[in-house]
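Here's the structure we're looking at; comments come further down.
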Amino acid sequence: MWFWLALIALFCWSGSDLFSKIGCRDASDKYSHLKMVMAVGVVMGLHAGFEVFVNGVEINFGIILTYLPVSLLYILSMALGYLGLRYIELSVSSPICNSSGALVAVLTFIFVGLDDYSPLALFAVALVCVGAIGLGVVDSTEDAELRAARQQEGNYKYAKSWLALALPVAYCVLDAAGTFADNRVLETLNEDSANVAYELTFLFAAVVCFVYTVVIKKDRLIPKMEAPKYIGAVCETAGQFAYIYAIADTEHLAMSAPIISAYCAASVLWSRIFLKEKLSWKHYAMIGLIVAGIVIMGVFDM
């Protein structure tokens with residue numbers, strides 16, 4: 001069962017990347033990232049209700065408040081990630097965002113030490129860091145004519161911009177900080193209760209975004225444009241659900257973790273097939289380093 005759950009998590013999270021990109025890439029919709037937060041918040045809120053009223057998960061204001069700093073780091077990182085999808089290819093954004101695992105490892109090295117990590121694990125972290133930095137360097141230094149030539153197949157063109165790289169990097173940093181803090185907070189909280197607290201906080205963020213976008217700014221919600229966002233939100237929530245149960249099988253963790261960790265590789269594949277994104281060989285070389293490092297880190301469950 002663990003194998004199928006790991007595959008479901010991989011496909012759902014890569015699907016979330018794809019549909020979030022489709023829902024957020026329209027530059028004319030300046031509130032698309034807030035609408036994506038609304039979609040995820042609604043779906044997560046429904047799942048939180050199921051967990052509380054059907055499965056009996058304990059939740060109260062104290063738990064929500066205790067987990068609030070972690071929730072805010074995660075939610076802010078996702079909002080910035082959704083905004084970044086407007087300015088850069090998913091093929092570039094997803095691997096940079098998924099480098100947060102390596103950053104968590106670096107934070108662990110700094111505050112805990114290196115004693116518990118093998119040379120291969122340290123090598124994996126180095127691969128991801130080199131790949132992520134290299135991907136940014138390759139994208140920012142690419143010749144404008146070459147960029148335009150390789151983007152001819154797609155329907156969207158992206159110019160070189162500091163913001164295009166800064167947003168996925170900001171996602172990476174905030175997500176890593178959230179993961180690092182998560183590990184500390186979960187020493188005092190039940191995992192199911194913490195997850196429900198996170199989902200309810202996301203629902204509150206969705207309400208705030210709705211009030212700002214629809215009530216204050218009078219922006220319309222067009223069903224045809226919102227549908228991909230909700231598909232992405234369902235994929236995000238389903239992926240999280242499958243992930244929890246896949247890694248719960250500790251006997252097969254060394255196999256399920258690297259499968260799930262490689263979902264950004266699937267995101268790159270979907271972006272090539274469905275979005276017609278085409279990168280240079282230098283981009284793919286850096287992505288290869290990132291994916292290799294992530295898979296190795298998954299094996300060591302970092």
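All residue numbers in this chain count up from 1 along the given sequence.
Ring orientation note: the planes of Trp13 and Tyr243 are tilted relative to one another, at an angle of 30° to 60°. Relative orientation of the Phe274 and Trp270 rings is tilted, given thresholds of 30° and 60° on the angle between their planes.
Contact of the Phe210 side chain with the Leu34 side chain is not registered, since no non-hydrogen atoms from C-beta on lie closer than 4.5 Å. Side-chain contact between Cys97 and Pro168 is present, with heavy atoms from C-beta onward closer than 4.5 Å. Between Val70 and Tyr198, every side-chain heavy-atom pair lies at or beyond the 4.5 Å cut-off. Side-chain atoms of Leu18 and Leu275, non-hydrogen and from C-beta on, do get closer than 4.5 Å to each other. The closest side-chain heavy-atom distance from Lys30 to Arg86 is below 4.5 Å. Counting only heavy atoms from C-beta outward, the side chains of Val268 and Val92 never approach each other to under 4.5 Å. Between Glu236 and Met78, the closest side-chain pair of non-hydrogen atoms falls below 4.5 Å. Contact annotation: the side chain of Val43 never approaches that of Glu199 to less than 4.5 Å [non-hydrogen atoms, C-beta and beyond].
In the model, Asp182 has a side-chain atom that pairs as donor or acceptor with a side-chain atom of Tyr74 under 3.5 Å. No hydrogens or angles considered: nothing links the side chains of Asp219 and Thr213 as a donor-acceptor pair under 3.5 Å. In summary, the side chains of Arg272 and Ser91 do not present any donor paired with an acceptor at a separation below 3.5 Å, with no hydrogens or angles considered.
Judged by distance alone, with hydrogens and angles left aside, the side-chain atoms of Arg25 form no donor-acceptor pair with the main-chain N or O of Tyr87 at under 3.5 Å. No donor-acceptor pair closer than 3.5 Å links the side chain of Ser193 to the backbone N or O of Leu189. Under the 3.5 Å distance criterion, the side-chain polar atoms of Asn55 are left unmatched by any main-chain donor or acceptor of Val57. Between the side chain of Ser94 and the main chain of Leu90, no donor-acceptor pair closer than 3.5 Å is present. Between the side chain of Lys229 and the backbone N or O of Gly23 there is at least one donor-acceptor pair closer than 3.5 Å. The closest donor-acceptor contact from the side chain of Lys21 to the backbone of Leu85 lies under 3.5 Å. Checked by atom type and distance alone, the side chain of Ser20 pairs as donor or acceptor with a backbone atom of Ser16 at under 3.5 Å.
Put simply, Ile75 and Met38 are part of two different groups of oily side chains (I, L, V, M, F, W, Y) that touch within less than 4.5 Å, one to the next. Linking ILVMFWY residues whenever their side-chain heavy atoms come closer than 4.5 Å, directly or via other members, places Met44 and Phe53 in the same cluster. One hydrophobic cluster holds both Trp4 and Tyr263 under the rule that ILVMFWY side chains link at heavy-atom gaps under 4.5 Å.
To the nearest 0.5 Å, atom CZ of residue Phe61 and atom OG1 of residue Thr66 are 9.5 Å apart. Between the CE atom in Met286 and the CH2 atom in Trp281 there is a gap of 7.5 Å [rounded to 0.5 Å]. Taking SG of Cys209 as the reference point, atom CZ of Phe202 lies at 8.5 Å (rounded to 0.5 Å).
Glu58 pairs in a side chain to side chain contact (heavy atoms under 4.5 Å, CB included) with only one of the listed residues (Ile63, Val196, Asn190), which is Ile63.
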